[in-house]
Amino acid sequence: MDRSIETRYAIKFCFRLGKTASETFAMITEVYEEDALSRAQVFRGFNEFKNERESVVDMERSGRPSTSRVDETVAKVK
């Protein structure tokens with residue numbers, strides 16, 4: 001599982017348990033140690049669930065599409 005999605009599930013779980021954002025950050029830091037999200041990222045994620053977000057998957061964003069992972073581009077680079 002992707003680490004960011006795994007962490008979002010953890011944040012959502014803590015939110016639903018009634019934990020605070022500070023408690024959630026402390027637990028995530030304890031579990032993931034040096035791979036943990038920053039305090040700002042945990043608080044941002046916590047607030048998204050507080051504002052009734054349900055999904056842990058990234059939301060669609062506008063902007064330029066990534067072309068670095070397209071098979072044709074990879075073949076050209078090789």
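Residues take their numbers from the sequence shown, with the count starting at 1. From a predicted model like this one, the values you see are computed outputs, not experimental measurements. The basis for the numbers below is simple: all heavy atoms, side chains too, and nothing from hydrogens, waters or symmetry mates.
- For the atom pair Ile11 CD1 and Arg44 CZ, the distance stands at 10.0 Å (nearest 0.5 Å).
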Verdict with reasoning, Met27 to Cys14, per side-chain contact (heavy atoms from CB on, under 4.5 Å): CA-CA 9 Å; Met27 287 188 278; Cys14 290; 3.5 Å; yes
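- Nearest heavy-atom pair, Thr29 versus Ala36, reported as atom, atom and distance to 0.1 Å: CA-CB, 3.9 Å.
- Connection of Phe49 to Phe13 is not established within any shared hydrophobic cluster, with ILVMFWY side chains joined at heavy-atom distances below 4.5 Å, either directly or through further cluster members.
- Glu30 and Glu33 make their closest contact through O-CG, 3.8 Å (heavy atoms, listed as atom of the first residue, atom of the second, distance).
- Side-chain contact between Tyr32 and Glu6 is present, with at least one heavy-atom pair separated by less than 4.5 Å.
- Pairing each heavy atom of Thr20 with each of Glu23, the nearest pair is N-OE1, 2.8 Å.
- In this structure, the separation between CD on Gln41 and CZ on Arg8 is 10.0 Å, given to the nearest 0.5 Å.
- Side-chain contact between Val42 and Thr7 is absent, with no heavy-atom pair separated by less than 4.5 Å.
- Contact check for Phe43 versus Ser22: side-chain heavy atoms found under the 4.5 Å cut-off.
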Derivation and outcome, side-chain contact (heavy atoms from CB on, under 4.5 Å), residues Thr24 and Phe15: CA-CA 8 Å; Thr24 301; Phe15 172 75; over 6 Å; no
